[in-house]
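Before any comments, here is the structure.
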There are 2 protein chains.
Amino acid sequence: MSDSRQTAKTTSSGRGQVSGSGPGDNGLDAIYRSISEAIIEHRLKPGARLREDALADVFGVSRTGIRKVLQRLALEQLVTLTPRRGASVTRPSVDEARDVFEARLLVECAMMDAAAKRITEEDIQELQEMAKQEREALRNREQRIAIKLSAIFHARLAEISGNRTLAGFVGQLASRSSLILAVYGNAGHLGCESHDHDNLIDFLAAGDGAKASDFMERHLKSIEASLSIFEEPEETPDLWDIFAVDA
Amino acid sequence: MSDSRQTAKTTSSGRGQVSGSGPGDNGLDAIYRSISEAIIEHRLKPGARLREDALADVFGVSRTGIRKVLQRLALEQLVTLTPRRGASVTRPSVDEARDVFEARLLVECAMMDAAAKRITEEDIQELQEMAKQEREALRNREQRIAIKLSAIFHARLAEISGNRTLAGFVGQLASRSSLILAVYGNAGHLGCESHDHDNLIDFLAAGDGAKASDFMERHLKSIEASLSIFEEPEETPDLWDIFAVDA
DNA sequence: TCGGCCACCATTGTATACGCTCTTTGTGCA
DNA sequence: TGCACAAAGAGCGTATACAATGGTGGCCGA
């Protein structure tokens with residue numbers, strides 16, 4: 001209605017550009033990454049509603065494409081699709097949070113052995129570069145960037161092990177972990193300590209999968225332990241949130 | 001496939017074919033399950049093309065709904081969506097097959113411990129009933145049904161462990177395994193031996209997670225070993241299939 | 001004043017129409 | 001006879017239009 005023309009061509013705010021009629025779902029993929037990144041970086045917080053019209057307007061496409069992206073995000077559990085209510089950023093439940101970290105503990109630790117065997121010099125350098133960026137982001141108080149980089153780091157680590165199926169699964173778990181951090185994390189205490197990732201790289205570079213696995217276990221457990229996972233009263237949650245938020 | 005055309009569009013604008021007012025994706029979910037089941041049962045074989053128009057006609061909905069279902073199936077790796085070529089049942093690659101079984105080995109074995117602790121009397125009876133049905137299907141030479149039941153069995157087993165995230169993952173892996181069986185399996189040698197599942201239930205009923213895990217490991221490895229995993233020439237597969245088809 | 005009811009509106013669900021790309025087939029030339 | 005190019009056809013990608021449903025706000029009655 002209000003979209004006179006597709007003004008998303010040269011928007012200054014958004015960086016993911018959709019060049020009008022992109023062949024295939026190329027343009028849609030950019031939108032997907034854009035929204036996904038926004039969720040992982042906590043620019044879109046759990047519970048935030050995602051109206052199709054608004055997104056269509058922002059990205060300069062019709063609702064059809066937005067629906068496609070939203071469904072993909074819903075299948076990855078990043079957004080929740082309520083039948084006649086629309087889409088919103090998923091607010092992970094306590095059980096969900098526990099399940100995700102349990103799954104990460106199981107899968108990521110077990111993958112360290114293969115990763116230690118298959119890791120190459122290039123991989124090591126790439127991971128070190130990522131860890132460095134993450135440290136810098138932390139130093140600059142850019143927690144959003146740091147969280148995103150941490151998720152990418154874990155996903156990349158999983159890729160090195162050589163199993164694409166498991167790597168994709170870990171990637172999803174890492175993304176969901178970011179949501180869990182947004183809900184149950186304490187401000188000022190980020191999930192991953194940057195030194196942890198550096199240590200992890202060292203163990204892998206030394207080819208010691210067992211130590212890497214042990215360290216990964218402690219790493220993930222420390223993240224989970226830093227969370228405040230408890231059921232909130234849920235009676236009048238919105239009111240409490242409203243008065244407690246604004247941080 | 002022989003009994004196609006069950007309800008061929010009673011009316012062009014008919015709205016009663018999806019059991020009345022299907023709000024949300026209720027009707028779509030039925031379509032999803034229908035196609036998914038057909039793939040898992042090998043009624044739709046790997047490589048089979050899934051034209052949107054045809055499916056829309058068969059299920060009495062428009063292409064919009066079919067596209068939604070197809071995308072979900074694509075994200076679960078059951079169908080492959082080629083940009084301008086449409087959808088087809090995924091033909092798992094050799095690497096994919098190895099990855100899937102490696103993932104199953106890792107996850108399913110590790111879940112046995114929790115399953116042994118949490119399993120209830122009702123679960124045991126349900127699993128036994130499923131194993132029984134599977135045996136009967138095998139006895140009746142209904143391999144399609146047996147394969148489907150086997151996949152459901154493994155997925156149900158994963159659910160018992162209490163981790164929904166992992167259970168969902170195992171469910172996907174089991175479905176993909178059915179595809180792998182269709183491509184690399186030897187005729188006459190089904191994936192899961194029915195007695196294996198019975199033994200598994202016994203171990204779990206006895207609360208012995210370690211033995212169950214060991215047995216699951218052997219079980220999965222024997223399935224994988226029974227496959228003929230090697231690259232096929234892939235020159236003119238369709239023609240060969242057509243002439244090799246029963247009728 | 002509070003609770004229930006009704007109407008309007010906002011938003012999603014579904015269908016249809018149109019354009020584009022890829023495939024296939026037929027024909028001409030080397 | 002084999003290959004290359006072109007035209008026709010089929011099928012998918014996207015946008016738009018219509019319909020249905022749930023929420024919101026106001027109104028009326030107790």
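Residue numbers start from 1 in every chain, and the chains themselves are labelled A, B, ... in the order their sequence lines are given, proteins ahead of strands. Atoms considered below: every heavy atom in the structure, side chains included; atoms not considered: hydrogens, waters and symmetry mates.
At the heavy-atom level, B/R85 lies under 4.0 Å from the strands shown only through sugar-phosphate atoms. As judged by a 4.0 angstrom heavy-atom cut-off over every strand, B/R63 is placed among the base-contacting residues.
A salt bridge between A/R72 and A/D29 is present, with a side-chain N of the basic residue lying under 4.0 Å from a carboxylate O of the acidic one.
Within the structure, every side-chain polar atom (N or O) of A/T64 is placed at least 4.0 Å from both OP1 and OP2 of D/dT14.
If you take CZ of B/R49 and P of D/dA10, they are 13 Å apart, rounded to a whole angstrom. Computed from coordinates, the B/R51 CZ to D/dA10 P distance equals 10 Å when rounded to whole Å. Taking atom CG on A/D53 and atom C1' on D/dT16, their separation rounds to 12 Å, with Å as the unit. Look at CG on A/L50: it is 14 Å from C1' on C/dT12, rounded to the nearest Å. Counting to the nearest Å, the C1' atom of C/dG13 and the CD1 atom of A/I66 are 16 Å from each other.
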Does the pair A/I145 and A/N140 meet the rule for a side-chain contact (heavy atoms from CB on, under 4.5 Å), with working shown?
CA-CA 10 Å; A/I145 309 294; A/N140 298 338; over 6 Å; no
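In the set D/dA20, D/dC12, D/dT16, the nucleotide with an atom closest to the side chain of A/R84 is D/dA20. In the set C/dG13, C/dT14, D/dG13, C/dT14 carries the atom at the smallest distance from any side-chain atom of B/L28. Nearest nucleotide to the A/K68 side chain, out of C/dT12, D/dC12, D/dT14: D/dT14.
Defined by atom type and a distance below 3.5 Å, a donor-acceptor pair is missing between the side-chain atoms of B/T80 and B/S88.
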